[in-house]
Amino acid sequence: MPYSTDEIKRIETKWQGIWHDKKIFKVDVDPKKKKYYVLEMFPYPSGKIHMGHVRNYTIADVIARFKMMQGYHVLHPIGYDAFGQPAENAAIKHKVDPAEWTYRCIDQMREELKKMGFSYDWDRELSTCDAQYYRWNQWIFLKMFEKGLAYKKASSVNWCPSCETTLANEEVIQGECWRCKSTVVQKDLEQWYLKITQYAEDLFEDLQQLNHWPPRVITMQENWIGKSQGVEIYFKIQKTGETLTVFTTRPDTIFGATYVVLAPEHPLVKKLVVGTSHEKNVLSFVDKVAKESKSDRLSGDLKKEGIFAGQYAINPVNQETIPIWIADYVLMEYGTGAIMAVPTHDQRDFLFAKEHQLPMRIVIQDAVNPQQRPSDLKEAYEGDGLQINSGIFNGISNQEGLKRIAAWMEGNKMGKIIVHWRLRDWLISRQRYWGTPIPMIYCQSCGIVPVSEQQLPVELPKNIKISGQGGSPLAQSAEFIETTCPRCQKPARRETDTMATFFDSSWYFLRFGSANNNEKVFDPKEAAYWMPVDQYIGGIEHAILHLLYSRFFTKFFKDLGLIGFSEPFYRLLTQGMVLKDGEVMSKSRGNTVDPDLVIEKYGADTLRLFILFAAPPEDQLEWNDNAIEGSWKFLSRVWNLIENKYKKEDHFVSKGMTNAAADQEDKSIERERNLAIKKVTEDISNGFKFNTAISAMMVLVNKIERYQVEGHFKQKTVNDAIKTLVLLLAPFTPHVCEELWRIMGGAEESVARVAWPSVDEKAMIQDVVSIVVQVNGKLRGKFDVAPDVDEEHLKKLITADPRIQAHLEGKAVKKLIVVPNKLVNIVV
RNA sequence: GCCGAGAUGGCGGAACUGGUAUACGCGCUGGUCUCAAAAACCAGUGGUCGCAAGGCCGUGAGGGUUCGAUUCCCUCUCUCGGCACCA
């Protein structure tokens with residue numbers, strides 16, 4: 001049978017059926033076996049898979065199948081991150097029920113995944129929109145509430161005017177909604193938060209353990225959590241005696257503070273100016289800043305505007321009276337919303353002070369370019385030096401001053417040493433329908449009361465009109481809202497907001513271990529066996545959001561005593577994007593390639609092979625309609641190898657060769673076979689270099705074909721080489737390999753259960769090695785010699801060669817460098 | 001501005017701890033087969049000079065270390081990604 005589209009379809013359908021029916025990839029806890037948990041970031045069920053999914057899941061599948069063949073007990077599950085806005089948008093557009101729409105999409109998605117031949121344990125499939133899943137979201141929320149980690153507060157929040165809902169800080173990218181790119185505005189609302197900041201220290205410190213994560217993801221998380229060590233300093237307002245707290249990371253410069261600045265939103269601003277001659281101007285300035293959007297304020301020319309508040313503060317270290325200003329370059333969200341300004345040693349303060357002719361004082365002496373007068377400074381000096389004008393601290397280095405001044409201030413109650421985190425608490429309530437109802441009840445007499453665990457799940461009501469016109473859709477349903485208070489049994493109302501969908505995905509990896517358990521969120525014993533995830537694979541776009549939240553939840557579960565580890569993902573691979581014509585594939589650009597059409601034309605195996613071969617997994621991958629033909633051709637050549645060259649009977653084939661020459665050929669194939677095993681195994685194990693692993697298999701095929709042409713070999717040796725090839729290739733292109741394995745008489749019910757081939761080091765030893773000869777570092781010749789030949793002999797051999805002699809003519813040999821079995825360099 | 005990653009043929013990409021640069025594939029050129037085409041197979045394919053043998057140049061640019069540098073060090077250019085009035 002020739003390798004054809006029809007044949008491929010038959011084979012792929014056949015084996016997908018067998019894997020499914022015989023549950024080849026089903027696993028359960030087995031303490032006797034060594035486990036391996038491979039997980040890909042589960043998809044949002046849009047109904048169609050795209051090339052990004054194909055790449056992500058193919059990478060995961062090769063790893064899963066490779067580990068299975070290596071004898072690991074592999075957990076490789078799949079599910080659907082099924083709550084979220086697209087279902088609501090579809091509901092508005094097509095007038096369908098979001099649940100119906102979502103489940104239909106899931107059905108389509110499942111079919112597409114099956115067509116790719118992924119090795120999932122389908123018995124563990126889950127969807128976050130199932131009540132059997134989201135009831136555990138609610139359970140976790142109640143636990144967090146119980147521990148004081150879930151709380152409600154009124155605050156200025158991020159609001160997306162187009163999605164009509166609140167957003168977490170992590171969902172605002174450069175001032176825009178991560179989903180729809182609308183400009184995010186600030187609104188004052190009362191919302192539910194998770195106290196992720198309580199874990200800031202752990203989330204930051206434990207990054208050190210994640211040695212198998214891409215460094216850039218670590219860096220991104222470090223930046224996001226944003227640790228800064230500093231001091232809170234207490235200034236007194238001269239007139240009222242009230243305390244004004246500022247935050248600084250440079251306590252060594254405190255003696256150079258010549259004014260303080262408040263953010264326009266700072267609560268003290270109004271108090272300072274009320275009833276004074278400054279009131280009108282200050283309030284109108286505050287008003288003006290408030291009208292600028294956050295993104296306007298952060299971008300643009302960074303012009304610093306400000307106004308004098310008409311009041312003075314007292315510097316606690318020297319009792320100096322300095323003016324209080326209000327300026328837009330100080331942000332209410334960071335630190336205390338107030339700073340001490342040291343224009344000589346902070347460039348922003350410097351520019352502001354110049355603009356408004358505020359005083360300056362140098363307190364750190366630049367050793368290279370020492371300045372005495374602030375007026376000589378062209379810019380702030382932010383480097384190290386000796387303390388001057390700093391009272392009892394004069395003469396010490398500022399690095400020393402940093403510690404001693406901080407400790408001294410703390411000792412004298414002028415301030416407090418603290419760590420400030422950039423990370424904010426996670427706003428999780430959303431004014432949307434298609435999500436997990438927050439299990440809270442508002443009672444007139446008891447206040448905010450949690451739903452009791454026994455009453456979970458709080459089911460999402462059906463038949464809700466979704467207009468997209470704002471307000472929580474659940475508020476429409478009287479039947480949903482009206483309930484009784486679990487505490488006093490009086491009539492009460494339910495919370496109508498739903499949870500951010502990132503809540504759902506923050507713990508699904510634990511649920512996969514106990515996917516069908518209806519008694520518990522997950523079974524601690526199963527979690528102890530399967531977790532942590534050995535290899536997680538997904539897109540870089542989740543470097544902060546999902547990965548940070550998942551780490552937070554894991555730490556929370558550990559504190560609950562449900563698990564014994566604090567990091568969920570041992571190893572992380574972030575795959576590169578799939579590009580077409582140099583741009584990211586996207587519907588809006590109209591440059592997508594539908595995986596379904598590619599499967600239709602070439603089959604899943606060819607698609608898998610191409611996507612693994614075209615680039616290393618972490619790099620961007622340029623889709624190429626021509627190049628995929630190469631993958632098809634390769635599989636066709638492998639196929640023909642078995643059709644044409646694999647023979648059941650082992651017999652000696654030699655066409656006019658001496659036995660010695662035939663043995664030589666025979667040895668050579670065996671060597672190539674072992675080289676391929678070694679290369680493929682190492683490439684998968686060390687960094688998932690699938691592209692070079694595939695090229696090694698191509699090399700083996702080239703070699704086998706060449707030996708065939710010459711016709712000198714023992715059949716058994718060639719058969720072995722072909723069998724090995726099929727096993728090595730099986731994780732990459734499983735359908736065709738299952739079929740070939742069966743044709744060759746493989747006994748196991750699936751090639752996935754056959755042991756991965758091992759390397760015979762002895763078979764790789766060569767009788768001759770090629771020695772490269774250089775003269776002055778330039779390649780001048782090659783010699784085949786016996787391994788470990790002695791230097792004198794080698795020298796004689798080389799210098800006797802006329803080609804080498806030509807390059808040595810009339811020159812004295814200065815030096816001879818010999819790298820054993822590799823190279824000789826003659827220096828003249 | 002700060003941090004991180006990178007730059008290799010016409011293209012995607014290889015190159016172990018410094019040791020034959022361009023593996024493997026795509027494309028291209030020529031050939032075999034065919035009435036023809038497709039497919040398949042074979043050969044060639046960094047630039048340049050040369051009839052040839054062979055020489056010279058060549059991994060973003062410039063310098064350095066070394067017998068020898070894509071690999072190590074310094075300076076610079078460009079590309080991509082992240083963060084960014086963070087006190």
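In the text below, chain A, chain B and the rest are named by the order of the sequence lines, each starting its count at 1. Just so you know, these numbers use all the heavy atoms, side chains as well, and skip hydrogens, waters and symmetry mates.
- Taking a cutoff of 4.0 Å between a charged side-chain nitrogen and a carboxylate oxygen, A:Arg422 and A:Glu222 do not qualify as a salt bridge.
- A salt bridge between A:Lys416 and A:Glu232 is absent, with no side-chain N of the basic residue lying under 4.0 Å from a carboxylate O of the acidic one.
- Under 4.0 angstrom from either OP1 or OP2 of B:G19 there lies no side-chain N or O belonging to A:Lys822.
- Under the 3.5 Å distance criterion, with hydrogens and angles disregarded, no donor-acceptor pair is assigned to the side chains of A:Asn211 and A:Trp213.
- Comparing B:C3 with B:G58, their C1' atoms sit 34 Å apart, to the nearest whole Å.
- Remark: the A:Asn825 side chain and the B:C67 base include a donor-acceptor N/O pair separated by less than 3.5 Å.
- Among the protein residues, A:Val819 comes within range of the nucleic acid bases, having at least one heavy atom under 4.0 Å from a base atom.
- Across all strands shown, A:Gly630 has heavy atoms under 4.0 Å from sugar-phosphate atoms exclusively, and none from any base.
- Contacts of A:Asn702 with the nucleic acid, taken as non-hydrogen atoms under 4.0 Å apart, involve only primed sugar atoms and P, OP1 or OP2.
- Between A:Ile540 and A:Trp224, it is A:Ile540 whose nearest contact on RNA chain B lies nearer the 5' terminus.
- Taking the C1' atoms as reference points, B:C2 lies 46 Å from B:U45, given to the whole Å.
- Residue order along RNA chain B, read from the 5' end via each residue's closest nucleotide, puts A:Glu622 first among A:Glu622 and A:Glu629.
- Between A:Lys288 and A:Glu305 there is a salt bridge, since a side-chain N of the basic residue sits under 4.0 Å from a carboxylate O of the acidic one.
- The residue A:Val772 sits close to a base: some heavy atom pair falls under 4.0 Å.
- With both pairing distances under 3.5 Å, B:U20 is matched to nothing as a Watson-Crick or G-U wobble pair.
- Glycosidic conformation of B:G9: syn, with the torsion inside 90° of 0.
- At the heavy-atom level, A:Lys782 lies under 4.0 Å from base atoms of the strands shown.
- A:Arg780 comes within 4.0 angstrom of sugar-phosphate atoms only, judged by non-hydrogen atoms across all strands, and of no base.
- The residue A:Pro215 sits apart from the nucleic acid: no heavy atom pair falls under 4.0 Å.
- In summary, of the residues considered (A:Val330, A:Ile324, A:Val246), a side-chain contact (heavy atoms from CB on, under 4.5 Å) with A:Leu262 occurs for A:Ile324 alone.
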